[in-house]
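Accompanying notes for the structure given below.
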Amino acid sequence: MIFDNSYTQLPNHFFQRISPVAVEKPSLIRLNTPLADELGLQLPDNNQQLAELFSGNVLMEGMDPIAQAYAGHQFGHFVHQLGDGRAVLLGEIVTDQGKRCDIQLKGSGQTAFSRNGDGRSPLGPVIREYVVSEAMHALGIPTARALAMVSTGETVYRETPLPGAILTRMAASFIRVGTFEYFAARNDLKALRTLVDYTIKRHYPEVAKEASPVAHFFRAVCNAQAQLLAQWMCVGFIHGVMNTDNTAISGETIDYGPCAFMDNYNPAQVFSSIDHTGRYAYNQQPLIAQWNMGCLGGCLIPFLHKDEQSAKAIGEDILATFTPTFAHHYRTGMCAKIGLASESDHGFAHVKRLLEIMHQDHVDFTESFRLLSNATTDTPPFASLFSSRKLIDQWVADWQALLDQEARTRAEVSQSMRTTNPAYIPRNHRIEEAIRAAEDHGNFTFTHRLIEVLSTPYADQPNHHEYRKPPEPSERVLQTFCGT
Ligand code: AMP
Ligand code: MG
């Protein structure tokens, strides 16, 4: 690996230099070989050396490990110091395509930001993050990636003793809204300016040439978040902890905790055991993302205009673009799910009607869109998911009339729907099954199989039909946990 670390060139109070805390008996669970190849990483070919590397026991030349400082709004309340309490940024690499990435260990021991935490991670959440982040990537959604996971051979104590593990993950960067809030809360304008300039150069270099680069930067981050949220909503993804410290400036999905995909369509769905008020429910996510962008905007005020009132007005105008941008991407995405090449009021009204029937009949979100992809010619499998047969038959008749106005043949429509409506998502009960086998029996077969099936979510995989099926009532997962 060739490291080219730029964050460590920033002032000292942006991070703490710290090495991962060694673990007893690391063992490699999985290496993401396609990703390692894509990145052009030169890795040892022996599992024990890989385990030593991805546990942080051994550092490679060029690594300059740090824990990053950040703050954040957690469930709406500001916490002025969070930071990497159980993560260590090993360094940055630049791929052959010129893409700069952060490589980070999660679960690598205490840092100056650990507060009362042990700096470790149980195996279950590591498996969940690996599986879900890789599934998101395969679905075409911007996300941090999982490069490797190792078990540590140590016990982590939560409510019960659990096996420990470490995830190696990578992202365009782990700079968060909370990173800006950290310096803004300290009124450290010099550091804030440094961070703004650094982030623009790293993630949005095209705005540097604008007359007001910071305003353009803010607009670009809002756009990236609005697009990301539309993509989450179109696959039924619920992040679970959309705190500002878990919101990446790059527009990638990061910090997978008690995340989940919904099974039956329910706009108010919440899985996270710590989300008591439903703040981060499925249908609240776009609003929350905009709220998070408001927090970022607040940090940028000093750089938007020298007059504070004018600066606020500029920030608010940009923030107001979030809702229409999100709506455009969401409507386009949802219209594509029913086979329409572009969005329109009429087409979207049709989507909403379908969602209402799905909600009322407790129908599986993913499976119904996937079966709808074939319903251009074969309706019974789709229609049979519903108990309100009259309503759905009427809906299908109206939908087919709508498709007749498309410039494409039914076969073409069907084909395009199958590239936007996945057959396979990381279903909660399958993740639970993989975690149970791994934690209780040290058996990773289910984990590996799940990751492999989810790597081609839009393909029909007749040998893995069981991974497509919604849970039986007895298999249904009602709550997910973050494992902090
Ligand atoms: P999260 O909600 O998991 O993103 O974590 C919020 C904050 O708590 C971050 O600053 C984490 O680094 C910190 N944190 C979470 N779990 C632990 C842990 N086991 N030990 C130390 N810090 C932790
Ligand atoms: Mg976090």
Side-chain angles (χ1 to χ4, degrees), residues 14-16 18-21 23 56 65-90 102 104-130 132-133 143-144 146 152 154-171 173-183 185 238-250 252-260 270-276 279-280 288-289 292 295-296 480-484:
F14 278 57
F15 52 82
Q16 178 207 16
I18 184 161
S19 289
V21 181
V23 299
I66 57 169
Q68 289 177 304
Y70 52 85
H73 277 88
Q74 297 189 309
F75 290 90
H77 302 286
F78 187 63
V79 182
H80 91 300
Q81 176 144 329
L82 291 165
D84 290 331
R86 55 163 168 174
V88 162
L89 176 61
L90 294 174
D102 278 356
Q104 196 195 60
L105 299 180
K106 183 170 175 181
S108 48
Q110 286 178 323
T111 73
F113 307 109
S114 298
R115 294 171 294 161
N116 296 321
D118 61 1
R120 294 297 185 195
S121 181
L123 175 60
V126 167
I127 293 178
R128 183 186 301 278
E129 181 157 357
Y130 192 122
V132 182
S133 63
T143 178
T152 59
E154 295 178 358
T155 302
V156 173
Y157 295 90
R158 294 295 179 261
E159 263 126 57
T160 51
L162 295 165
I166 296 176
L167 177 75
T168 305
R169 54 184 193 170
M170 40 157 303
S173 86
F174 287 98
I175 300 170
R176 306 139 193 273
V177 171
T179 319
F180 290 79
E181 291 179 296
Y182 181 83
F183 297 111
I238 305 169
H239 182 283
V241 216
M242 289 179 67
N243 294 334
T244 54
D245 52 300
N246 294 334
T247 303
I249 296 295
S250 65
E252 291 178 330
T253 312
I254 61 160
D255 281 18
Y256 290 84
C259 58
V270 176
F271 287 102
S272 166
S273 65
I274 53 172
D275 189 2
H276 305 297
R279 179 178 166 90
Y280 300 137
I288 291 292
N292 291 348
C295 292
L296 176 64
T480 50
F481 302 87
C482 54
T484 45

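Just so you know, residue 1 is the first one in the sequence shown, and it goes up from there. All of these numbers come straight from a predicted model, not from anything done at the bench. Each ligand, and each atom within it, is numbered from 1 in the order the structure gives.
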Taking non-hydrogen atoms only, is [X] closer than 4.0 angstrom to ligand 1 via side chain, backbone, both or neither?
X	result
Leu82	both
Arg158	side chain
Tyr70	side chain

Practice problem: Determine yes or no for a side-chain-to-main-chain donor-acceptor pair under 3.5 angstrom, with Thr179 supplying the side chain and Ile175 the backbone. | Solution: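 No.
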Interfacing atoms of ligand 1 (cut-off 4.0 Å, heavy-atom, [X]):
X	result
Asp255	4 (O)
Ser114	21 (C), 22 (N)
Arg120	19 (N)

Quiz item: Do Asp102 and Ser173 have side-chain atoms, one donor and one acceptor, less than 3.5 Å apart?
Solution: no
Quiz item: Going by distance alone, is a donor N or O of one side chain under 3.5 Å from an acceptor N or O of the other, for Thr168 and Gln104?
Solution: no
Closest protein heavy atom (residue, atom, distance) for [atom]:
atom	result
atom 16 (N) of ligand 1	Arg86 NE, 3.1 Å
atom 4 (O) of ligand 1	Asn246 OD1, 3.0 Å
atom 6 (C) of ligand 1	Gln74 NE2, 3.7 Å
atom 19 (N) of ligand 1	Asp118 OD1, 3.0 Å
atom 9 (C) of ligand 1	Gly83 O, 3.6 Å
atom 20 (N) of ligand 1	Gly119 N, 2.8 Å
atom 5 (O) of ligand 1	Thr484 CG2, 4.4 Å

[X] to [Y] - nearest heavy-atom pair and separation:
X	Y	result
Ala260	Thr480	CB-CG2, 4.3 Å
Cys482	Pro258	CB-CD, 3.6 Å
Arg86	Thr484	NH2-CG2, 3.4 Å
Thr111	Ala87	CG2-O, 3.9 Å
His276	Ser273	CE1-O, 3.3 Å
Leu296	Val177	N-CG1, 3.9 Å

Exercise. Kindly confirm or rule out a cation-pi arrangement of Arg176 over Tyr70, judged by NZ or CZ under 6.0 Å from the six-membered ring centre and within 45° of its axis?
Key: yes
Quiz item: Within the structure, does Gly85 bring an N/O atom to less than 3.5 angstrom of an N/O atom in ligand 1?
Solution: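 Min N/O separation from ligand 1 is below 3.5 Å for Gly85.
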Practice problem: Tell me whether the centres of the aromatic rings in Tyr130 and Tyr256 are closer together than 6.0 Å. | Solution: no
Quiz prompt | Any N, O or S atom of Asn243 closer than 2.8 Å to the Mg ion (ligand 2) | solution = no
Quiz item: Any idea which N/O/S atom from Asp255 gets closest to the Mg ion (ligand 2)?
Solution: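 Of the nitrogen, oxygen and sulfur atoms in Asp255, the Mg ion (ligand 2) lies nearest to OD2.
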Exercise. Return yes when Arg115 approaches ligand 1 closer than 4.0 angstrom through a heavy atom, no otherwise.
Key: yes
Exercise. Give a yes/no on ligand 1: does Cys482 have at least one heavy atom closer than 4.0 angstrom to it?
Key: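 No heavy atom of Cys482 comes that close to ligand 1.
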